[in-house]
Amino acid sequence: MTAAPTIQAIPAGAWPGYLDCLDEADEYAAVEVATGLLDVGVPAERVLLDLVAPAQAEVGERWARNEWSVAQEHAATHISERVVAAVAAYANPRPTRGRIVVACMDGEWHALPPRLVAEVLRLRGWQVTFLGASVPAAHLVSYLHRHDAHAVALACALPMRLPYAHRMVEACRRVDVPVVVGGRGFGADGRWARRLGVAWAPDAPTAADLVADERALRRVPPADLAHLADDEYAGLVRRRGELIDEALADLRERHPSARDYTPNQLDSTVSDLGHIVDFLAAALYVDDGTLFTEFVDWLVEILTSRGVPAPVLGSTLEHYGRVLRDFPRAARFLVAAGSSVTAGGPGVR
Ligand code: B12
């Protein structure tokens, strides 16, 4: 008897075909591409990590370039969720190891990345409980009290959620369950996880290796947050609403066209002004101005692709700098990010 052929990697042709399925919102064809790969022997883990994950990153790029609407992004993400479910059902592994609880930080709605991690852990024999998006810390802890978990894997896709991430990590520690974190929110090299004193994995396979080594999971240097004693983070968070209102008034004053914004434009503007405060607060929390500059560079690209000129953002950063002059760290971060805007930012053409 000859064994079925086993292809270890995704064939080059599968990728554009799969993206076309997402583009055309054809969930049946997308599921067929994925299960077709499983049929020819591609391991389920490869389908999840080398097909679904990079396709989602491409979805994000298309949205960022304003080529795809929010609706197209939502449709594509829904299809990816269907594909993940189909791959999981096809592989159908039985647990042989302890329980890992996988959850998103409070306020974090990017549930698909940790879902991929959850499925990889499952494929490697763990019994996984996936709690999904935005899990409040208190609820996570009471869940951990009731279920004996070997470890918790916490996801954060947006750096602005890092202060919440820290609270959740601390809450898990109080019930003595080791934690591994992951997702784009911790920085490409995980440097903000190190600042928060928690084990970090860049990807699902590394997370799987880490949870299998409980000592490594617990052997992490403690959090390094002495800078929080200056109260800048807490002060900024307390003034969040007032800061956004004032920044909007300043914007209307300096750029009269902003007075005629449609309700949708106004919504996006208020949301952007809030994100500026939230990312600045997160940068203060981990005491790293590059967190804020990276966010501002990203925002310049988003706004430019939607026809909003970068100087509008520059003047808002100057405004925040003026009203936050008693916050020396914040003022420094704002100046650094402002110079990046003036210089054109890395992605601005
Ligand atoms: C789909 C999507 C959404 C969906 C999420 C739905 C869902 N069910 O997940 C929705 C519509 C909710 C959404 C909302 C928003 N999103 Co969004 N989203 C995305 C998108 C396109 C795909 C996410 C994804 O599935 N990625 C695929 C995974 C596999 O990639 P990954 O993160 O690299 O994951 C790997 C590792 O990081 C690691 N990992 C990931 N998580 C974890 C967890 C653990 C525990 C471990 C160990 C490892 C680990 O392992 C993974 C596999 O190896 C990304 C683009 C992108 N590049 O990711 C934007 C993106 C993350 N979103 C973005 C933004 C800005 C937002 C919004 C703020 C938009 C808005 N204005 O409202 C909101 C914020 C909502 C919130 N509060 O959480 C930006 C973030 C930019 C930034 N500066 O931080 C991105 C990058 C888009 C872009 N190109 O600009 N989004």
Side-chain angles (χ1 to χ4, degrees), residues 22 45-46 48-84 100-121 128 130-134 151-162 164-165 168-169 179-190 193 198-211 217 267-272 274-276 278-279 282 291-303 305-306 347:
L22 297 187
E45 189 167 316
R46 297 273 58 84
L48 296 174
L49 299 180
D50 300 341
L51 185 76
V52 181
Q56 279 296 108
E58 176 59 23
V59 168
E61 292 309 309
R62 291 181 185 189
W63 169 80
R65 293 195 297 264
N66 206 21
E67 292 166 10
W68 276 17
S69 67
V70 169
Q72 281 173 295
E73 172 276 305
H74 282 13
T77 303
H78 165 73
I79 293 172
S80 295
E81 278 164 353
R82 286 258 308 170
V83 171
V84 174
I100 311 284
V101 174
V102 181
C104 287
M105 305 295 175
D106 203 352
E108 174 62 71
W109 292 98
H110 295 92
L112 187 58
R115 171 81 196 275
L116 292 170
V117 174
E119 295 307 338
V120 168
L121 292 172
V128 177
F130 181 64
L131 301 182
S134 189
V152 179
L154 294 176
C156 176
L158 300 173
M160 68 177 176
R161 309 306 302 174
L162 285 172
Y164 294 85
M168 287 191 84
V169 169
V179 184
V180 59
V181 297
R184 304 168 51 100
F186 293 98
D189 55 359
V198 61
W200 168 81
D203 50 36
T206 314
D209 292 345
L210 254 177
V211 294
L217 215 49
D267 260 7
S268 311
T269 306
V270 170
S271 153
D272 289 341
H275 282 156
I276 294 173
D278 295 337
F279 274 86
L291 185 159
F292 188 61
T293 301
E294 280 174 21
F295 159 72
V296 167
D297 288 342
W298 168 84
L299 188 57
V300 167
E301 287 194 47
I302 297 293
L303 292 176
S305 72
R306 284 150 178 82

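Along the sequence shown, the residues carry numbers beginning at 1. Counting starts at 1 for both ligands and their atoms, in listed order. Predicted, not measured: the structure shown is a model, and the values here were computed from it.
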Test item, P54 contacting ligand 1 (heavy atom, 4.0 angstrom): no

Salt bridge (charged side-chain N to carboxylate O under 4.0 Å, His left out) against D278, all qualifying residues, sequence neighbours excluded: R240

Counterpart residues, side chain to side chain contact (heavy atoms under 4.5 Å, CB included), relative to A201 (two or more places apart): V180, T206, A207, L210

Atom 90 (O) of ligand 1 [closest protein heavy-atom partner, distance rounded to 0.1 Å]: W298 NE1, 2.6 Å

Nearest-neighbour protein heavy atom for atom 33 (O) of ligand 1, which is reported as residue plus atom name and distance: R184 CG, 4.3 Å

Shortest protein contact, atom 34 (O) of ligand 1 (heavy atom only): P113 CB, 4.0 Å

CG-CE distance between L162 and M168, expressed to the nearest 0.5 angstrom: 13.0 Å

Atoms of ligand 1, numbered as shown, that sit under 4.0 Å from any heavy atom of P159: 84 (O)

Contact partition for D203 relative to ligand 1, non-hydrogen atoms under 4.0 Å: both

Side-chain (H74) to main-chain (V70) donor-acceptor, under 3.5 angstrom: yes

Between E73 and T77: side-chain donor-acceptor atoms closer than 3.5 Å: yes

Identity and separation of the nearest protein heavy atom to atom 22 (C) of ligand 1: Q56 NE2, 3.6 Å

Polar protein atoms (N, O or S) that approach atom 17 (Co) of ligand 1 to under 2.8 Å: H110 NE2

Ligand-residue contact atoms, ligand 1 with A153, heavy atoms, under 4.0 Å: 45 (C)

Minimum side-chain heavy-atom gap F279-P159 below 4.5 Å: yes

Under-4.0 Å heavy-atom contact with ligand 1, by part of A207 that carries it: side chain

Proximity of L116 to ligand 1 by residue part, where a heavy atom lies under 4.0 Å: side chain

Ligand-side contact atoms (ligand 1) for residue partner G107, heavy atom cut-off under 4.0 Å: 76 (C), 77 (N), 78 (O)

Under-4.0 Å heavy-atom contact with ligand 1, by part of S271 that carries it: neither

Criterion side chain to side chain contact (heavy atoms under 4.5 Å, CB included) on L154 and V198, from CA distance to verdict: CA-CA 10 Å; L154 294 176; V198 61; over 6 Å; no

Any donor-acceptor pair under 3.5 Å from Q72 side chain to S69 backbone: yes

Distance (rounded to the nearest 0.5 Å) between L112 CG and H78 NE2: 12.0 Å

Any side-chain heavy-atom pair of E45 and P205 under 4.5 Å: yes

Full working for side chain to side chain contact (heavy atoms under 4.5 Å, CB included) between D203 and L49: CA-CA 9 Å; D203 50 36; L49 299 180; 6.0 Å; no

Considering all heavy atoms, the nearest C104-S134 contact: CB-N, 3.5 Å

Exercise: identify the closest heavy-atom pair between A118 and F130: CB-CD1, 4.0 Å

Closest protein heavy atom to atom 39 (N) of ligand 1, given as residue, atom name and distance to 0.1 Å: G183 N, 3.5 Å

Side chain to side chain contact (heavy atoms under 4.5 Å, CB included) assessment of M105 paired with V181: CA-CA 10 Å; M105 305 295 175; V181 297; 4.3 Å; yes

Per-atom contacts, ligand 1 versus A53 - under 4.0 Å to a heavy atom: 27 (C), 29 (C)

Contact check, R161 vs ligand 1, heavy-atom distance below 4.0 Å: no

Between SG on residue C156 and CZ on residue F186, distance to nearest 0.5 Å: 4.5 Å

Mode of E81 contact toward ligand 1 - side chain, backbone, both, neither (heavy atoms, under 4.0 Å): side chain

R65 bridged to E58 by N-O distance under 4.0 Å: yes

Mode of M160 contact toward ligand 1 - side chain, backbone, both, neither (heavy atoms, under 4.0 Å): neither

Heavy-atom donor-acceptor pair, R161 side chain to D106 backbone, under 3.5 Å: yes

Sub-4.0 Å atoms of ligand 1 with respect to non-hydrogen atoms of H275: 68 (C)

Where ligand 1 meets A111 - atom numbers and elements under 4.0 angstrom, heavy-atom basis: 7 (C), 8 (N), 9 (O)

Closest protein heavy atom (residue, atom, distance) for atom 52 (C) of ligand 1: L49 CD2, 3.9 Å

From the candidates V84, L154, D50, the one that places a heavy atom nearest atom 45 (C) of ligand 1: L154

Protein non-hydrogen atom below 4.0 angstrom of atom 74 (C) of ligand 1 present: yes

Under-4.0 Å heavy-atom contact with ligand 1, by part of L112 that carries it: both

Parallel, tilted or perpendicular, as decided by the 30° and 60° cut-offs, for the rings of H275 and F295: perpendicular

Non-hydrogen protein atom less than 4.0 angstrom from atom 8 (N) of ligand 1: yes

Within-4.5 Å side-chain heavy-atom neighbours: I276 and L299: yes

Sidechain-backbone polar pair: E108 side chain, A157 backbone, donor-acceptor under 3.5 Å: yes

Residues forming a side chain to side chain contact (heavy atoms under 4.5 Å, CB included) with R306, sequence neighbours excluded: W63, N66, I302

Element-labelled atoms of ligand 1 that are located less than 4.0 Å from some non-hydrogen atom of A204: 50 (O), 53 (O)

Protein non-hydrogen atom found under 4.0 Å from atom 67 (C) of ligand 1: no

Shortest protein contact, atom 51 (C) of ligand 1 (heavy atom only): V117 CG2, 4.4 Å

Any protein heavy atom < 4.0 Å from atom 36 (C) of ligand 1: yes

Shortest protein contact, atom 38 (C) of ligand 1 (heavy atom only): P202 O, 3.5 Å

Contact partition for V181 relative to ligand 1, non-hydrogen atoms under 4.0 Å: backbone

Numbered atoms and elements of ligand 1 in range of H74, under 4.0 angstrom, heavy atoms: 11 (C)

